[in-house]
Amino acid sequence: MSKIIFLPHEEICPEGAMIEAEPGVSIIDAALDNGIDIEHACEKSCACTTCHVIVREGYDSLNEASEDEEDMLDKAWGLEPESRLSCQALVADEDLVVEIPKYTINMVSEKH
């Protein structure tokens, strides 16, 4: 099992969190299974950017981003070189440190 450390996020996990995940599980599935409610407007189908995360440590251990994911990431708020869609990034054998960006672009969210 790999550890995923989520850095503190004002609304989603104010104190941060450390969870464990099996290799092959997406970052978002691991998060959701552990009560970290990352937004996922397209239901994890790589059709939006609401689950965008920045992988601060362990980025190179993740599966390679597909062309579709890269195209979607171009639309994400706060894009960085270590950005991934958490619905597409699969955990490997290395521990990860993940930051959930402060903002997300979601034109249909009822929370905004």
Side-chain angles (χ1 to χ4, degrees):
M1 297 259 276
S2 298
K3 289 185 177 95
I4 305 175
I5 297 168
F6 286 91
L7 298 175
H9 182 279
E10 190 175 301
E11 295 174 9
I12 297 171
C13 56
E15 306 200 4
M18 184 175 72
I19 64 172
E20 292 189 348
E22 293 283 343
V25 171
S26 67
I27 291 174
I28 195 166
D29 284 338
L32 294 172
D33 288 347
N34 286 276
I36 301 168
D37 193 22
I38 295 176
E39 193 170 352
H40 51 288
C42 72
E43 296 300 318
K44 305 182 273 185
S45 65
C46 194
C48 73
T49 63
T50 58
C51 73
H52 167 229
V53 296
I54 303 161
V55 182
R56 296 292 181 199
E57 292 180 25
Y59 179 86
D60 291 335
S61 70
L62 300 172
N63 59 311
E64 190 172 325
S66 68
E67 192 173 318
D68 287 342
E69 180 183 357
E70 293 285 350
D71 289 345
M72 289 309 304
L73 280 169
D74 286 341
K75 302 172 186 176
W77 181 90
L79 183 67
E80 294 193 18
E82 296 81 22
S83 288
R84 291 295 303 267
L85 297 181
S86 62
C87 69
Q88 301 299 302
L90 303 179
V91 175
D93 291 325
E94 194 173 318
D95 294 345
L96 303 173
V97 175
V98 175
E99 179 180 350
I100 302 167
K102 186 173 183 176
Y103 299 106
T104 185
I105 299 171
N106 185 350
M107 301 301 184
V108 297
S109 176
E110 295 178 7
K111 296 179 185 176
H112 300 285

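Small disclaimer: the values here were computed from a predicted structure and weren't measured. The figures here come from the full heavy-atom set of this structure, side chains too, leaving out hydrogens, waters and symmetry mates.
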Quiz item: Could you state the interatomic distance from CG (L96) to CD1 (I5), rounded to the nearest 0.5 Å?
Solution: 9.0 Å
Quiz item: For the atom pair CD (Q88) and CG (N63), what is the distance rounded to the nearest 0.5 Å?
Solution: 8.0 Å
Quiz item: Hey, is the main chain of C51 close enough, under 3.5 Å, to the side chain of S86 for a donor-acceptor pair?
Solution: yes
Quiz item: Does atom CE of M1 have more than 12 heavy-atom neighbours from other groups under 6.0 Å away?
Solution: yes
Quiz item: If every non-hydrogen atom of D95 is compared with every non-hydrogen atom of K3, which pair is closest and at what distance?
Solution: OD1-N, 2.9 Å
Quiz item: Got a second to check how far I28's CD1 is from L90's CG, nearest 0.5 Å?
Solution: 12.5 Å
Quiz item: What distance separates L32 CG from D37 CG, expressed to the nearest 0.5 Å?
Solution: 6.5 Å
Which atom pairs, one a donor and one an acceptor, fall under 3.5 Å between side chains of residues 74-82 and the rest of the protein, sequence neighbours left out?
unit_1, atom_1, unit_2, atom_2, d
E80, OE1, R56, NH1, 2.7
E80, OE1, R56, NH2, 3.3
E80, OE2, R56, NH2, 3.2

Quiz item: Can you check whether A65's main-chain N or O pairs, donor with acceptor, with E70's side chain at less than 3.5 Å?
Solution: no
Practice problem: Take I27 and V91, measure what side chain to side chain contact (heavy atoms under 4.5 Å, CB included) needs, and give me the verdict at the end. | Solution: CA-CA 6 Å; I27 291 174; V91 175; 4.3 Å; yes
Exercise. Please round to the nearest 0.5 Å and tell me the distance separating atom CG of D68 and atom OG of S66.
Key: 5.0 Å
Quiz item: ring-ring contact (aromatic ring centres under 6.0 Å, His included): which pairs involve residues 37-74, sequence neighbours left out?
Solution: none
Quiz item: If we only count heavy atoms from C-beta on, is the F6 to I38 side-chain gap below 4.5 Å?
Solution: yes
Self-check item: Smallest separation among heavy atoms of A92 and S2, with atom names
Solution: O-OG, 2.6 Å
Quiz item: Can you name the nearest heavy-atom pair linking S83 to L73, along with the distance?
Solution: O-CD1, 3.6 Å
Practice problem: Kindly write out the residues that satisfy salt bridge (Lys or Arg N to Asp or Glu O under 4.0 Å) with D29, not counting sequence neighbours, or none if the list is empty. | Solution: K44
Practice problem: Looking only at non-hydrogen atoms, find the nearest pair between C87 and C46 and report the distance. | Solution: SG-N, 3.9 Å
Practice problem: Search all heavy atoms of T49 against all heavy atoms of L85 and return the closest pair with its distance. | Solution: CA-CD2, 3.9 Å
Quiz item: Roughly how far, to the nearest 0.5 Å, is the CD1 atom of I19 from the CD1 atom of I36?
Solution: 4.5 Å
Quiz item: Does any non-hydrogen side-chain atom of I54 lie less than 4.5 Å from one of P101?
Solution: yes
